[in-house]
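Residues take their numbers from the sequence shown, with the count starting at 1. Reckoned from all heavy atoms, side chains included, excluding hydrogens, waters and symmetry mates.
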Amino acid sequence: MKDREESSSSSSSMTTTTTNNPNGIINNGEHEPRDINIRSFSSVPSSPRNASSKYDFVKVNVWLGDNADHYYVLSRFLVCRMLTVTKIPNHEAIKISLELKKLLIDNSLLDVSQSDLETNLFKLMERRGYGEEYINRYNMMTKFHHQRVPLVILVCGTACVGKSTIATQLAQRLNLPNVLQTDMVYELLRTATDAPLTSTPVWTREFGSSEELITEFCRECRIVRKGLGGDLKKAMKDGKPIIIEGRHLDPSIYLMNDENKTPSNDTEKNSSETNSSRELTSDKNLEAGSSNTKESDNSAVKPDSQDVAVASVEAIDLSEKVTQCKINAESSKDAEKKSKSADGSGKTKSGPEPIVISIVLKMSEFDHKALLEEWISSRTSGEKYTSKEKDRLITNLKTIEDYLCSFNSQGVTVVNISATTFPQTLDSLHNYLLQRIEEGIRSSENEGPK
């Protein structure tokens with residue numbers, strides 16, 4: 001009976017506190033700032049995963065805008081996810097987010113502005129040793145999401161090098177919800193459409209030369225790229241980040257087909273999109289001719305099979321690029337009409353520049369061979385490979401891997417994967433992606449006023 005009376009009195013006191021302070025917003029407006037009592041949170045238990053807290057049952061409204069026009073309900077789960085993006089360990093992020101919710105509720109701040117929420121959050125971060133560096137990362141990622149900067153991360157590589165694991169871990173660390181697998185797109189195109197794709201992987205087939213292997217690999221990658229066109233276009237239009245991982249990713253296709261960059265730049269430089277597409281076509285012809293010239297010169301010294309394969313792929317894909325330039329020119333016309341400013345000035349409103357990051361994963365030959373043999377032995381289809389077929393499979397994968405790693409000179413990052421150094425590799429990739437995102441935001445801000 002006493003327990004019921006105590007619980008009723010505590011609930012009534014909570015209700016009284018809430019009604020006496022319905023608008024407990026601390027901002028630079030009419031309300032005077034209040035001193036928040038930040039006590040030591042050593043008593044906050046480090047609850048296990050998925051455990052709830054009594055503070056989760058109290059709603060805190062976070063108001064946005066200068067006039068507090070609208071609000072969202074604070075979620076410590078989302079706060080925790082944002083903190084992990086800044087490279088704060090997950091267990092520390094859970095504690096900080098719980099401390100923030102406890103701080104606001106204990107001080108009867110059930111309505112708080114976004115700026116004051118972040119101020120209190122930064123204080124808690126500093127108390128746990130995560131100071132200016134982490135706060136700057138938090139502000140940078142907040143700006144990234146507010147500006148809706150298009151982000152496309154490509155995780156390329158052959159079979160059994162850890163593409164899915166790396167992509168999933170990076171998506172979790174960077175709080176990116178969309179991860180696409182080219183294997184699923186390949187199977188959908190093969191079974192649901194009349195796309196010229198086979199059920200046998202390209203690296204298990206027999207070819208007369210490595211040039212034929214690379215040519216066929218690039219052909220399948222182009223088909224998968226068309227299947228990804230809708231998702232990529234939506235990512236570019238809506239500014240939604242996306243991670244694409246799989247064995248059918250050719251970095252050259254994504255380096256050359258910058259759908260947003262090329263048309264917008266050509267529209268600014270030339271009044272006629274048709275002329276710009278002709279200039280692009282002539283440039284591609286010149287590049288193809290120069291690459292053939294370099295190839296003939298180098299063949300006298302030392303023949304390189306991969307250069308020959310790249311040249312043959314460019315020759316095959318030349319007509320496709322000309323068509324793509326025309327499509328891009330037409331789409332840029334529509335985009336220009338839709339992006340006219342409301343005041344009728346005729347100036348186009350270009351969005352932020354997309355950030356395209358390509359990563360190629362590779363593994364040491366010994367480790368890769370061991371994983372491939374394990375993968376082959378675990379196949380449930382009943383298909384058995386002879387020793388000769390296994391050697392051919394490993395040789396084909398090595399050829400494709402060398403082709404993918406050859407784009408390192410064009411800015412593609414090549415990462416060595418090892419089981420012993422996997423956590424360190426994941427940390428370095430996390431740092432690298434944050435750095436690239438920061439560079440992309442700076443470049444878009446520099447190009448904005450022009």
Check: K362 and V161 side chains under 4.5 Å, non-hydrogen atoms: no

So, do L232 and I244 sit near enough that their side-chain heavy atoms are less than 4.5 Å apart? yes

Nearest 0.5 Å, please: how far is [atom2] in [Y] from [atom1] in [X]?
X    : Y    : atom1 : atom2 : answer
L98  : I96  : CG    : CD1   : 11.0 Å
N175 : T84  : CG    : OG1   : 6.5 Å
C221 : I400 : SG    : CD1   : 8.0 Å
L170 : I359 : CG    : CD1   : 6.5 Å
R81  : L78  : CZ    : CG    : 8.0 Å

Would you find a donor on one side and an acceptor on the other, under 3.5 Å apart, between the side chain of [X] and the backbone of [Y]?
X    : Y    : result
K101 : R76  : no
S443 : G440 : yes
T204 : P201 : yes
T182 : R247 : yes

Just checking, any donor-acceptor pair under 3.5 angstrom between side chains of T413 and Y432? yes

Stepwise side chain to side chain contact (heavy atoms under 4.5 Å, CB included) check, E245 with T168: CA-CA 9 Å; E245 65 90 7; T168 305; over 6 Å; no

Can we say [X] and [Y] salt-bridge, meaning some charged N sits less than 4.0 Å from an Asp/Glu carboxylate O?
X    : Y    : answer
R137 : E133 : yes
R442 : E439 : no
R128 : E99  : yes
K398 : E401 : yes

With a sphere of 6.0 Å drawn around [atom1] of [X], does it hold more than 12 non-hydrogen atoms of other residues, nucleotides or ligands?
X    : atom1 : answer
E365 : CD    : no
F122 : CZ    : yes
Q424 : CD    : yes
K87  : NZ    : yes

Mind listing the closest non-hydrogen atom pair of [X] and [Y] along with its distance?
X    : Y    : answer
S97  : I94  : OG-O, 2.9 Å
P241 : N178 : O-ND2, 3.4 Å
H430 : V85  : NE2-O, 3.0 Å

Could you go through residues 143-160 and list every donor-acceptor pair under 3.5 Å that involves a side-chain atom there, pairing it with any protein atom two or more places apart or in another chain?
unit_1	atom_1	unit_2	atom_2	d
K143	NZ	E445	OE2	3.3
R148	NH1	D238	O	3.4

Evaluate the criterion side chain to side chain contact (heavy atoms under 4.5 Å, CB included) for residue pair F407 and V414; output intermediate values, then yes/no. CA-CA 9 Å; F407 292 98; V414 178; over 6 Å; no

Quick one: do D250 and Y403 satisfy side-chain hydrogen bond (donor to acceptor under 3.5 Å, both in side chains)? Show the steps, please. CA-CA 9 Å; D250 182 5; Y403 168 75; 3.0 Å; yes

When you look at N120 and L124, which way does the side chain to side chain contact (heavy atoms under 4.5 Å, CB included) test go after all the steps? CA-CA 6 Å; N120 294 321; L124 294 174; 5.6 Å; no

With sequence neighbours left out, the residues meeting side chain to side chain donor-acceptor pair (under 3.5 Å) with D231 are none

Show, in sequence, the C-alpha distance, side-chain angles and deciding distance for R222 and R219, and conclude whether the side chain to side chain contact (heavy atoms under 4.5 Å, CB included) test is met. CA-CA 5 Å; R222 290 198 301 273; R219 185 189 70 84; 3.9 Å; yes

